[in-house]
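Some notes on the structure that comes next.
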Amino acid sequence: MDYYKKVFNLISKQHLWRGSCLNMIASENITSTAVREAIISDFGHRYAEGVAGGVDENTGLRVFDRYYQGTKYFDKIEALAIKLSEELFHAEHANVVPISGVVANLVAYHALSERGDRIIALGLLEGGHISHCKISAAGVMGLKDVSYAFNEREMNIDVDKSKEIVRKEKPSIMLFGASVYLFPHPVGEMLDVAREIDARIVYDGAHVAGLIAGGEFHDPIGEGADVVTASTHKTLPGPQGGIILCRKELAEKIDNTAFPAMTSNHHLHHVAGLLVALAEMKKYGREYARQTISNAKALAQSMYEHGIHVLCEHKNFTESHQILVDVSDYGGGSEIADRCEEANIILNKNLLPWDTLRDTGNPSGLRIGVQELTRLGMKESEMENIAIYLKQLIIDREKPEKVREGVEELKKEFNRVHYAFPSQRQAYDQIKFK
Ligand SMILES: *Cc1c(COP(=O)(O)O)cnc(C)c1O
C-alpha cells in the first residue's frame, strides 16, 4: 500500500467533509490560521524539561531552569503564555505544562490531596466529567468520589443539600465545573462550607475557559476558587492541551507537580499555539464570548418554538455555549445524533439527569455547542435556520440527505475564522508543504 497517499487522502477527505458540516460538539473548536502556523513550527520537535527559575527583573517575565540546551526562544514563549493566562483569568499564578485537561486535574489532585481523601463533584449523570470519578483521574489518585446534590429543574448544584453532604463527608477537594454545563456553579455560595471543613476549591473550567477569559461567564478565582484547571481547546480556541491557574501560595506545589510528576515533555508547539490563541482572546475574546452565549440562547429559543424539548426554558435555556435537548420521545440521543451526522450536523448524544448509567448507549439527550459556528461568523439568524434543520431531522423525520443540501448551502457562506488574527486562508483549508 502507498501509505503516503493513503494518509493524506484521508486527511483531505476530513477537511473537505468538516468544511461542509455544522460542527456542534460542545468540547471542540477550530483554531485560527495563526494558531495552526504556530503548531507546525519547529517547537513540535523539541524538549524543554525544567522547573521555574524565578522572574527576570527587567521584563517581569518568568525564567526557567532547563535540563536541555536550545530553549532560549521557547522560554520567552512559555513566559508570555503564562503572563497572558494570568491576565485573562485574573490569577496570581499560571502553569501551561499540562498536556490536557485530565492531566491538569491530575496535577491539582496530586498537589492538594492524599490517597484515601474524598473529592466531591457532580456525578456523571448530572454532567460531571470522568476525571472527577473513580473510573479516571480521581480514582487513579486514590480519591473516593462523592456527589453533590443536584437540582434537575435548575440544572445546577443544590446548595443547601450539598452543604450538608460536604459537612458529613469532609472532602479535601470540592470540585466545581462540569462537561454538561449550562449555568455557573455556586462557588461563592459554598465558600463558607469549604472554609469550615478546610477543603480546597478546584474549579474545572475545561468547557467554559474561553467564556471566562472573555469575561462573559462568572469569575471562579474572584469567587474564591483556589485552583482552576482547564482544557485549552473547547471554548478557549487553542491547540489541544491543558492549563492551571492558582493562588500564589500554591504555585510552587502546582509547578513541581506539573513537572516532573505528571509530564516529561510538555508539547512545546502547543504552548506556542496557546500563546497565539491567548493573544487573540485578549483582543477579540469579549466579543466572541458574548456572541457565543447569545447564539446558544437564540438556537435554544428557536428550537423550543419549533416544539423541541430544550431544557431550562424558565431560565432562558443557558448562560454558556451549550444547550441540552431531550429527544427521548423521538428515538433517543443515539438515533438522532446518527441522523444528524448523515445530514452533516455533528453533535453528540448525552445522558440527562433522569437517565441511568444503563442508558449510556442511547441516552435521552443531545448536547449542542455553538462556539465553533460562532467563530465562523454565524449570528442569531443562522441559529434560526439551524433550528429548522434540527426540527426537520428530529420531529418531521425528513430524509437526512435532503436536509444535508440546505446545511451545505448554509455552511458555504461561513468558512473563515473570526475573532482571530486576519488570514487569507479558509477555516478548513488543509495546510500543505508538498
Ligand atoms: C473535556 C473535559 C476534561 C478533559 O479534558 P481533556 O483535555 O480532554 O483531557 C476535564 N474536565 C471537564 C469538565 C471536561 O469537560
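Whatever order the structure lists them in is the order used to number ligands and atoms, beginning at 1. Sequential numbering from 1 along the given sequence is applied to the chain's residues.
Close contacts of ligand 1 with H207, meaning ligand atoms under 4.0 Å from a residue heavy atom, involve 15 (O). Those atoms of ligand 1 with a heavy atom of S100 less than 4.0 angstrom away are 7 (O), 9 (O). Annotation for ligand 1: atoms under 4.0 Å from non-hydrogen atoms of H233 are 7 (O). Residue S179 approaches ligand 1 through these ligand atoms, each under 4.0 Å from one of its heavy atoms: 12 (C), 13 (C), 14 (C), 15 (O). For ligand 1, the atoms lying closer than 4.0 Å to a non-hydrogen atom of A178 are 13 (C). Residue contact check: V102 has heavy atoms under 4.0 Å from atoms 4 (C), 5 (O), 6 (P), 9 (O) of ligand 1.
Neither the backbone nor the side chain of S27 comes within contact range of ligand 1; no heavy atom lies under 4.0 Å. Residue contacts with ligand 1, taken as heavy atom pairs separated by less than 4.0 Å, involve D204 solely via side-chain atoms from C-beta onward. Under 4.0 Å from ligand 1, the heavy atoms of A206 that appear belong solely to its side chain.
For atom 1 (C) of ligand 1, the closest non-hydrogen atom on the protein side is K234 NZ, 1.3 Å. When hydrogens are left out, the protein atom nearest atom 4 (C) of ligand 1 is H129 CE1, 3.4 Å; that is the closest non-hydrogen contact. Looking only at heavy atoms of the protein, atom 5 (O) of ligand 1 is closest to S231 OG, 2.9 Å. Looking from atom 6 (P) of ligand 1 to the surrounding protein, the closest heavy atom is G101 N, 3.4 Å.
Ligand 1 has no atom lying under 4.0 Å from any heavy atom of Q240.
If you check the side chains of Q301 and E384, you find no donor sitting under 3.5 Å from an acceptor. Defined by atom type and a distance below 3.5 Å, a donor-acceptor pair is present between the side-chain atoms of N23 and Y428.
Here the SG atom belonging to C246 is positioned 8.0 Å from the CD1 atom belonging to I221, to the nearest 0.5 angstrom. Atom CG of residue D160 and atom CG of residue N151 lie 11.0 Å apart, to the nearest 0.5 angstrom. Of the inter-residue distances, the one linking H306 atom NE2 with K391 atom NZ reads 7.0 Å to the nearest 0.5 angstrom.
Taking distance alone, with nitrogen or oxygen atoms compared against 3.5 Å, G177 stays at or beyond that limit from ligand 1.
Residue E252 places its CD atom among 12 or fewer non-hydrogen atoms of other residues, nucleotides or ligands, all under 6.0 Å distant.
A side-chain donor-acceptor contact under 3.5 Å links H185 to the backbone of G177. S302 places no side-chain N or O within donor-acceptor distance of the main-chain N or O of A298, the cut-off being under 3.5 Å.
The aromatic rings of W354 and H309 sit parallel, their planes meeting at an angle under 30°, below the 60° perpendicular limit.
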Report, one line per pair, each donor and acceptor closer than 3.5 Å where one atom sits in a side chain of residues 94-101; sequence neighbours left out.
{"unit_1": "N95", "atom_1": "OD1", "unit_2": "V97", "atom_2": "N", "d": "2.8"}
{"unit_1": "N95", "atom_1": "ND2", "unit_2": "D255", "atom_2": "OD1", "d": "2.8"}
{"unit_1": "S100", "atom_1": "OG", "unit_2": "V102", "atom_2": "N", "d": "3.3"}
{"unit_1": "S100", "atom_1": "OG", "unit_2": "V103", "atom_2": "N", "d": "3.3"}

